[in-house]
Participant: 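If you scroll down you'll find the structure; I have some questions about it.
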Amino acid sequence: MENNGGEAARPKVAVVVFLLNGNKVLLGRRRSSVGRNTFGLPGGHLEFGESFEECAAREVKEETGLDLDIHKIEYLTATNNVHSSPHPLHIVTILMRAIQADPHQNPQNLEPEKCEGWDWYDWDNLPRPLFGPLETMAQNGFNPFPPAPHN
Ligand SMILES: Nc1ncnc2c1ncn2[C@H]1C[C@H](O)[C@@H](COP(=O)(O)OP(=O)(O)OP(=O)(O)O)O1
Ligand SMILES: [Mg+2]
């Protein structure tokens with residue numbers, strides 16, 4: 001595969017966040033070309049020199065206005081996805097978890113060109129269609145919530 005500049009295309013790195021609030025997770029319907037109209041997580045591309053946690057906090061702040069405690073953002077897993085439409089894209093996605101610090105702080109739709117709006121959804125009653133790679137994870141039984149503590 002080639003980029004327009006004639007150089008070989010390379011994979012990109014994205015960081016997305018399962019932001020949890022009780023038994024709910026924050027999702028928004030995408031307006032971006034990749035996965036348009038599907039429900040996806042807040043997040044975006046890793047910038048040069050950033051840690052996963054820094055990228056997660058920055059993207060959540062830019063897209064929703066919510067402040068995450070950088071020390072409480074955890075790595076969960078990674079996926080490797082090759083999309084052919086709307087254009088060739090190979091993306092390695094790092095999936096992080098954060099717990100909503102102030103349950104009364106509401107997400108704002110700060111990048112309305114990229115998203116229709118943010119809302120909290122029950123993991124057991126997710127909105128559809130989900131962004132493809134997220135649907136695959138859900139169907140495989142992935143659950144972003146921390147295990148219940150043993151007594
Ligand atoms: N569950 C998911 N929800 C949303 N995006 C996901 C998910 N899994 C993987 N991604 C990928 C698809 C996107 O190509 C990639 C980057 O996120 P996206 O929201 O499209 O970028 P962005 O426009 O916010 O980033 P930037 O502003 O850094 O370019 O993350
Ligand atoms: Mg984004």
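First listed ligand is number 1; within each ligand, the first listed atom is number 1.
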Participant: Looking only at protein heavy atoms, which one is nearest to atom 12 (C) of ligand 1, and what is the separation?
Facilitator: Phe131 CZ, 3.7 Å
Participant: Consider ligand 1: state whether an atom of it lies below 4.0 angstrom from any non-hydrogen atom of Leu46.
Facilitator: no
Participant: Whether the side chain of Arg97 engages the backbone of Tyr75 through a donor-acceptor N/O pair (distance < 3.5 Å, no angle test) should be reported.
Facilitator: no
Participant: Please list all pairs passing the ring pair (Phe, Tyr, Trp, His ring centres under 6.0 Å) test where one or both residues lie in residues 25-67, with sequence neighbours left out.
Facilitator: Phe39-Tyr121
Participant: At less than 4.0 angstrom from any non-hydrogen atom of Leu134, what atoms of ligand 1 do you find?
Facilitator: 1 (N)
Participant: With sequence neighbours excluded, what pairs up with Thr136 under the side-chain contact (heavy atoms from CB on, under 4.5 Å) test?
Facilitator: Asn140
Participant: With a 4.0 Å cut-off on heavy atoms, is Glu63 touching ligand 1?
Facilitator: yes
Participant: At a 4.0 Å cut-off, with the gap strictly under it, does some heavy atom of Glu59 reach an atom of ligand 1?
Facilitator: yes
Participant: Would a distance-only check, ignoring hydrogens and angles, find a side-chain to backbone donor-acceptor pair under 3.5 Å from Gln100 to Gln105?
Facilitator: yes
Participant: Do side-chain atoms of Thr38 reach the backbone of Gly35 as a donor and acceptor pair under 3.5 angstrom?
Facilitator: yes
Participant: If we ignore hydrogens and angles and just use 3.5 Å, is the side chain of Asp102 paired with the main-chain N or O of His104 as donor and acceptor?
Facilitator: yes
Participant: Please check if the side chain of Arg30 supplies one atom and the backbone of Gly40 the other of a donor-acceptor pair under 3.5 Å.
Facilitator: no
Participant: To which protein heavy atom is atom 30 (O) of ligand 1 closest, and what is the distance rounded to 0.1 Å?
Facilitator: Ala14 CB, 3.2 Å
Participant: Just which atoms of ligand 1 are under 4.0 Å from any heavy atom in Thr93?
Facilitator: 8 (N), 9 (C), 10 (N), 11 (C)
Participant: Tell me, which pairs form a salt bridge (charged side-chain N to carboxylate O under 4.0 Å, His left out) where one or both residues lie in residues 131-151, sequence neighbours left out?
Facilitator: Arg128-Glu135
Participant: Checking Asn109 side chain against Cys115 main chain: does a donor-acceptor pair fall under 3.5 Å?
Facilitator: yes
Participant: At what distance is the nearest protein heavy atom to atom 26 (P) of ligand 1, and which residue and atom is it?
Facilitator: His45 ND1, 3.5 Å
Participant: May I ask whether Glu47 places a heavy atom under 4.0 Å from ligand 1?
Facilitator: no
Participant: Give the numbers and elements of all ligand 1 atoms closer than 4.0 Å to a heavy atom of Ile91.
Facilitator: 14 (O), 15 (C)
Participant: Just to be careful: counting only protein atoms that are N, O or S, how many fall under 2.8 Å of the Mg ion (ligand 2)?
Facilitator: 2
Participant: Taking only heavy atoms of Leu41 into account, list the atoms of ligand 1 that are under 4.0 Å away from them.
Facilitator: 1 (N), 2 (C), 3 (N), 4 (C)
Participant: Is it true that Pro133 lies under 4.0 Å from ligand 1, counting heavy atoms only?
Facilitator: no
Participant: For atom 27 (O) of ligand 1, grab the closest protein heavy atom and report residue, atom and distance to one decimal in Å.
Facilitator: Lys114 NZ, 2.8 Å
Participant: Could you tell me whether a side-chain N or O of Thr64 sits under 3.5 Å from a main-chain N or O of Leu66, the two making a donor and an acceptor?
Facilitator: yes
Participant: In ligand 1, which numbered atoms sit nearer than 4.0 Å to a non-hydrogen atom of Leu89?
Facilitator: 14 (O)
Participant: Starting from atom 13 (C) of ligand 1, which protein heavy atom do you reach first, and at what distance in Å?
Facilitator: Arg30 NH2, 4.0 Å
Participant: Do me a favour and list the nearest non-hydrogen protein atom to atom 17 (O) of ligand 1 with residue, atom name and distance?
Facilitator: Gly44 CA, 3.6 Å
